[in-house]
Amino acid sequence: NAGVMQNPRHLVRRRGQEARLRCSPMKGHSHVYWYRQLPEEGLKFMVYLQKENIIDESGMPKERFSAEFPKEGPSILRIQQVVRGDSAAYFCASSEGYNEQFFGPGTRLTVL
Amino acid sequence: GENVEQHPSTLSVQEGDSAVIKCTYSDSASNYFPWYKQELGKRPQLIIDIRSNVGEKKDQRIAVTLNKTAKHFSLHITETQPEDSAVYFCAAQKGSNYQLIWGAGTKLIIKP
């Protein structure tokens, strides 16, 4: 089992560009969670998805951010028109229902 | 909604001594309480968890205790070692279709 995979590991974007972050959950996991972490800070929940459904997006900004978890393929976190304040580590985690969340290695987004 | 408070934010202990980190939660329906360790630059990883039908769980040098009446749970690390230095996060969850609610984290520093 390869574990949760995220790519890219590092992403550099200029202000106004789009960032696409990908997450492949562990085999057999149908629950995906996205978190954002600023340096020296805690994990901030963004969105919780199950296959083809957004269950809870209460932590995700209403503008510029969107997430999906299609029937086939990885989950995608999309940030449009990035700003410097979007620079952070974005972690994805997956689980199978009422069990441990396994985290991916994270994507470090830097906005210039 | 659920709220999880974690204390202290920073804890410095002498190598070999014990460390205790405490969390309180607000929703009495919460029934799953994991603890994650995040080393610098790495992903969070589960180190121990407890469900509400159990009062204490041990795994070698780490233990977690749960007091459902008082709605608090604690992480205990005995005989601390340099590799225990990390940020520790507690969390609480109500059930399989609910997100984990995270504490703000405790930075544990082990002094040689």
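Values in this document were obtained by computation on a predicted structure and should not be read as measured data. Residue numbering restarts at 1 for every chain, and letters A, B, ... go by the order of the sequence lines. Hydrogens, waters and symmetry mates play no part in the numbers below; they use all other heavy atoms, side chains included.
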Is there a side-chain contact between [X] and [Y], using heavy atoms and a 4.5 Å cut-off?
X	Y	answer
E100(A)	Y32(B)	yes
F91(A)	R43(B)	yes
F102(A)	Q45(B)	no

Going by the rule ring-ring contact (aromatic ring centres under 6.0 Å, His included), which residues pair with Y88(B) if we only count those two or more places apart in sequence or in a different chain?
none
Determine the minimum heavy-atom distance between L43(A) and F89(B), stating which atoms define it.
N-CE2, 4.0 Å
Residues R108(A) and K42(B): closest non-hydrogen pair is NH2-N, 4.3 Å
So for P44(B), is it side chain, backbone, both, or neither that comes closer than 4.5 Å to the heavy atoms of chain A?
both
Measure distances from Q6(B) to the heavy atoms of chain A and classify the residue's part below 4.5 Å as side chain, backbone, both or neither.
neither
Hphob cluster co-occupancy, [X] + [Y], side-chain heavy atoms under 4.5 angstrom:
X	Y	result
L77(A)	Y35(A)	no
I54(A)	M60(A)	yes
I76(A)	Y90(A)	no

[X] atom [atom1], over 12 foreign heavy atoms within 6.0 Å:
X	atom1	answer
Q14(B)	CD	yes
E83(B)	CD	yes
Q80(A)	CD	yes
E79(B)	CD	no

Would you give the length of the straight line joining atom [atom1] of [X] to atom [atom2] of [Y], rounded to the nearest 0.5 angstrom?
X	Y	atom1	atom2	answer
S95(A)	L100(B)	OG	CG	8.0 Å
F45(A)	Q99(B)	CZ	CD	4.0 Å
F103(A)	L46(B)	CZ	CG	9.5 Å

Side chain from CB out, backbone as N, CA, C, O: work out which of these in Q101(A) comes under 4.5 Å of a heavy atom of chain B, or both, or neither.
both
